[in-house]
Every structure is written in structure tokens, then in C-alpha cells.
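Just so it is clear, the model here is predicted, and its values are computed rather than measured. Any value given below was found using the heavy atoms of this structure, including those in side chains, with hydrogens, waters and symmetry copies removed. Atoms within each ligand, like the ligands themselves, are counted from 1 in listed order.
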Amino acid sequence: MKIGITCYPTYGGSGVVATELGKELATRGHQVHFISYAFPHRLTHFYENIYYHEVEMSNYPLFEHSLYSLALTSKMLEVIEYEKLDVLHVHYAIPHATSAYLAKQIIKKNNSDIKIITTLHGTDITLVGLEPSFLPLVKFSIEESDGVTAVSRFLKEKTLTNYDIKKDIKVITNFVDTEIFKPGKNEQLRNYAAPEGEKILVHTSNFRVVKRVSDTIRILEEVRKEIPAKLILVGDGPDRSECERLARELNLSKHVLFLGKQDALTEILNASDVFLMPSQSESFGLSALEAMSCGLPVISTSVGGLPELQKHNETGFIAEIGDVTRMAKYTVDLLTNDKKYNIFSENSRKRVLSNFDKNVIVPEYVEYYDEILK
Ligand code: GMT
């Protein structure tokens, strides 16, 4: 099969999922064409069957605002036509599903056809898509896609109700390469981050408001009242400065390690004990999945698709948004009981292996492509 994939290539979980999917499809013999404005950052080396087509942007002074959606449509047209794509799979509805729809209409005029599949990831549905300026366009683009998938049951239900959509949406969850994200030891980073043998809490995100990263610092403050602990924060984004300020204000600067953006996630997770995800909105929680795959228990909120990913009192604990005290109590509970910790750690890994391994989920996408092509 020849598959085009459009995604946000440099930031966020939707781009990670799209790129990992492309890599897996290519390994399974499909030809994959990425169409985007930058090279997907998870394409770390050369892969057979993977091609990249960059969207070129015109800088004409009259265009005060970027015409990316239209430039993307043009590039989609070119790739569909010359590479003879069977399927164009777009990740994150805005504006990708709309650009794809337009490309499909233009291609139709040449008596050609292409199947458009849209994967909904999160704020394209729960936040940005609901803005009055976007809502009718998102609804239309979803309705006009040949196939639509959502990364959790929660997101599917939200889409059907918030946009009054009647068509079927298939839930295909996020997945992980359990051979890469696997349990291991990283004594070097552990000794660097926690030289006195303290426990290590970890969080990775793009530091947007919805992630409530400052809650992780407040959790650390509470945890440290009971046991020695450190916090590793990975990633960068709008809330980082505020988090650094909070760490200083709470006198925790020495105990919070801001690593910024990092590629070596497995190594960092393997130096840590518990993953924190205090989000106020999370349609799936890919970074928690990666942590679970490394055998880390997760302390999270109960929002969105998180209860579909992790099981309360089995793989970690779930609390209400903002309930820092409870999340800290759960963290201490796990970190002071080795037997319980080991059971939760094994449960996390097992749950990922049986439900979210790439070999479980990628075939679901391939079957779905076949179904739509029929
Ligand atoms: O929706 C977003 O905010 C962006 C998107 C991304 O690109 O990071 O995140 C969403 O997609 C991820 C991959 O499917 C999910 O794991 C995240 O839970 C989801 N984020 C939110 O719902 C806030």
C-alpha cells in the first residue's frame, strides 16, 4: 500500500504517534510518504520505504499571515498524484483534515481518487476545534473524511456529542515500541539526579497549561515532607519559566532537575521511580504509556482517556484534577512499600505488552486502511 502521512512533525504526541506508525508501516513493506513543514523528529535514521515531502511556503509580502493550509493542500495534491497514494492519513484534524478534503476534491476533477483518514488526537477536538471559528470546519472535515479514528473511547464520545457527528469513529489507541521503551537501570543518571539515593519522580510534557506541570512541583513539596525525593522535568514550553519560578519560591530548586527537551527518554525513565501526569485534559497520555512500558507506576488525574490507559490501584493511582495532596499521598504510599511498588511496576509493563504494544495496534491501522479502501 502507498500511504501519505501528514502530522505536526516537531512537537507533541500526535506527531510521535504518526511518525512511529509510518516507521512500522514501512517496516511491514508499505511505502510511506510524510508530507509536512519539517522533517519528523522521530525519524532518527534512514528507513527504507520512507519518503519525506516538505511543504514549501511562499513569502510574498501581501500574505501577512501564513497560508500553510493551502500550501499543504498543494503538496498533498502533488504527492497523491505523482506517488499514486492509496491512502492519505492525517493526524490532528486542524488544518490537516481540511487540507486533505480540498486536495481530494481537486483530484476528483482529474477522475482520480484517494481515501482520506483522519486521526483525532486531543485538543483538535476538546479545545481548539470547539472555538466558534473552527467548529463548523472541523465538523465538516470529520464528516467528509473516508475514515476517522480517535485515540480513546473518551475522545470518540466527545467528538460524536460535541460536533453532533453521526458517522462511525473507530477507536485505535496510541501504542509504543516495547523493545525500546523497556525496563532497565540507569545508575549514572540516578546517581547524578539523586546522589543521596533519593526516590525520583519524573514528568515529561510540552509544558502547556493543560499539563499543570506546576502540580508536579507541589507534589514533590508534599512528598519531601515524608521521604527524600527529587523531581526530573523533561520538555519545554510556555509554562516552564513559571515552574522554575515556583521551584525557587518553594525552595526546591536543588531538588527539581529541569532537563529541557531530550531525546533519550528511555534512559531518563529508567533512572526514575514514578511518573506524574497531573493534566487537566488528556485524551490519551502517550508519555504515561511510554513510562508504563518502562515499568513505571503512574500517578495521574482522572481526566479524558487516562482511566482507559491506566488502572487505579493496579498500574498506579488516579486522583481528581489539582488534588496535589492525594497525588503526593499515593506517591509516598508506593515509594515506601517495595512489595507494592514492584507489583504495580510489573502490572504497568504487562498492561502495555498486552494492550498497547506496536504489534497489537499497528495491524489495527492496516486493517482499517483495508476496510476503507474496500
Ligand atoms: O491535542 C493536543 O494537545 C496535541 C496532541 C499532541 O500533539 O501532543 O496531544 C494529544 O495527542 C496525544 C497523542 O495521541 C495524546 O497522547 C495526548 O493525550 C493528547 N493531548 C491532549 O489531549 C491534551
Side-chain angles (χ1 to χ4, degrees), residues 5-24 34 36-38 40-42 89-97 117-131 134 138 141-142 148-159 162-163 169-177 181 203-213 215 234-239 261 265 275-293 298 300-310 318 321 352 355-356 358 361-362 364-365:
I5 294 184
T6 287
C7 62
Y8 286 103
T10 49
Y11 300 102
S14 60
V16 171
V17 171
T19 313
E20 295 297 338
L21 175 62
K23 278 156 64 172
E24 279 310 305
F34 282 96
S36 195
Y37 58 82
H41 80 284
R42 282 261 178 134
H89 187 173
V90 300
H91 291 258
Y92 203 91
I94 307 168
H96 304 148
I117 294 178
T118 299
T119 289
L120 309 170
H121 279 272
T123 50
D124 45 352
I125 292 302
T126 56
L127 200 70
V128 196
L130 289 174
E131 288 175 17
F134 280 123
V138 172
S141 307
I142 291 172
V148 181
T149 78
V151 296
S152 60
R153 291 195 299 279
F154 158 82
L155 192 61
K156 170 181 172 168
E157 292 311 320
K158 275 276 167 244
T159 311
N162 288 355
Y163 297 81
I169 295 180
K170 184 159 177 69
V171 175
I172 304 184
T173 65
N174 286 174
F175 60 92
V176 66
D177 187 335
F181 287 91
H203 168 84
T204 76
S205 77
N206 47 19
F207 282 65
R208 282 178 302 153
V209 178
V210 288
K211 302 291 178 184
R212 293 185 67 100
V213 186
D215 280 1
V234 181
D236 214 326
D239 271 5
K261 286 182 188 165
L265 285 180
F275 188 85
L276 302 177
M277 183 163 260
S279 309
Q280 80 183 43
S281 169
E282 203 68 68
S283 66
F284 184 85
L286 181 66
S287 48
L289 171 65
E290 291 173 339
M292 285 169 69
S293 189
V298 171
S300 76
T301 51
S302 57
V303 297
L306 286 173
E308 294 171 50
L309 168 61
Q310 78 138 334
I318 294 176
I321 302 173
V352 175
N355 299 284
F356 305 108
K358 65 177 188 185
I361 302 299
V362 173
E364 290 188 25
Y365 274 114

_Within the protein, is there a heavy atom lying under 4.0 Å from atom 16 (O) of ligand 1?_
yes

*Say whether G285 and ligand 1 are in contact under the criterion: heavy-atom distance to a ligand atom below 4.0 Å.*
yes

*Nearest heavy-atom pair of V176 and E290: which atoms, and what distance?*
CG2-CG, 4.0 Å

*Could you find the nearest protein heavy atom to atom 8 (O) of ligand 1 and give me its residue, atom name and distance?*
G13 N, 2.5 Å

*Kindly give the heavy-atom pair with the smallest separation between I125 and Y163, and that separation in Å.*
O-OH, 2.7 Å

*For R208, take its heavy atoms, then give the atoms of ligand 1 lying under 4.0 Å from any of them.*
2 (C), 3 (O), 4 (C)

*Quick one: which ligand 1 atoms are inside 4.0 Å of a heavy atom on G122?*
1 (O), 22 (O)

*Any donor-acceptor N/O pair, S293 side chain to L289 backbone, under 3.5 Å*: no

*Counting only heavy atoms, which portion of Y8 has something under 4.0 Å from ligand 1: side chain, backbone, both, or neither?*
neither

*In ligand 1, which numbered atoms sit nearer than 4.0 Å to a non-hydrogen atom of G12?*
6 (C), 7 (O), 8 (O)

*Tell me yes or no: between the side chains of T119 and H89, is some donor less than 3.5 Å from an acceptor?*
yes

*Could you say whether the N/O atoms of E282 and ligand 1 ever approach to under 3.5 Å?*
yes

*asked:* Give me the residue, atom name and distance of the protein heavy atom closest to atom 23 (C) of ligand 1.
replied: S281 O, 3.4 Å

*State yes or no: are the ring centers of F181 and F356 separated by less than 6.0 Å?*
no

*With a 4.0 Å cut-off on heavy atoms, does H91 reach ligand 1?*
no

*For ligand 1, which atoms have a heavy atom of V151 less than 4.0 angstrom away?*
14 (O)

*Could K358 and D177 be called an ion pair, given the rule that one side-chain N must be under 4.0 Å from one carboxylate O?*
yes

*Could you walk me through whether I172 and Y365 pass the side chain to side chain contact (heavy atoms under 4.5 Å, CB included) test, one step at a time?*
CA-CA 7 Å; I172 304 184; Y365 274 114; 3.5 Å; yes

*For ligand 1, find out whether one of its N or O atoms is nearer than 3.5 Å to an N or O atom of T126.*
no

*Look only at interatomic distance and state if G15 has a nitrogen or oxygen under 3.5 Å from any nitrogen or oxygen of ligand 1.*
no

*Identify which one of L21, T149, I117 satisfies the side chain to side chain contact (heavy atoms under 4.5 Å, CB included) criterion when paired with H91.*
L21

*Are E308 and K156 ion-paired here, with the side-chain N under 4.0 Å from a carboxylate O?*
no

*When you look for heavy atoms under 4.0 Å from ligand 1, do you find them on the side chain of N174, its backbone, both, or neither?*
side chain

*Are any of the N or O atoms of H121 closer than 3.5 Å to those of ligand 1?*
yes

*Please confirm whether the backbone N or O of G122 pairs with a side-chain atom of D124, one donor and one acceptor, at under 3.5 Å?*
yes

*Should the pair Y8 and Y92 be assigned to parallel (<30°), tilted (30 to 60°) or perpendicular (>60°) ring geometry?*
perpendicular

*Which protein non-hydrogen atom lies closest to atom 2 (C) of ligand 1, naming both residue and atom, and how far is it?*
T123 OG1, 2.9 Å

*For S14 and ligand 1, does the shortest N/O to N/O distance drop below 3.5 Å?*
yes

*More than 12 heavy atoms of other groups within 6.0 Å of K23 NZ*: yes

*Answer side chain, backbone, both or neither: which part of L286 comes under 4.0 Å from ligand 1, heavy atoms only.*
both

_I need the atoms of ligand 1 closer than 4.0 Å to a non-hydrogen atom of Y92, numbered in the order shown._
1 (O), 2 (C), 4 (C)

*Just need the protein heavy atom nearest to atom 22 (O) of ligand 1, so name the residue and atom and give the distance.*
S283 N, 2.8 Å

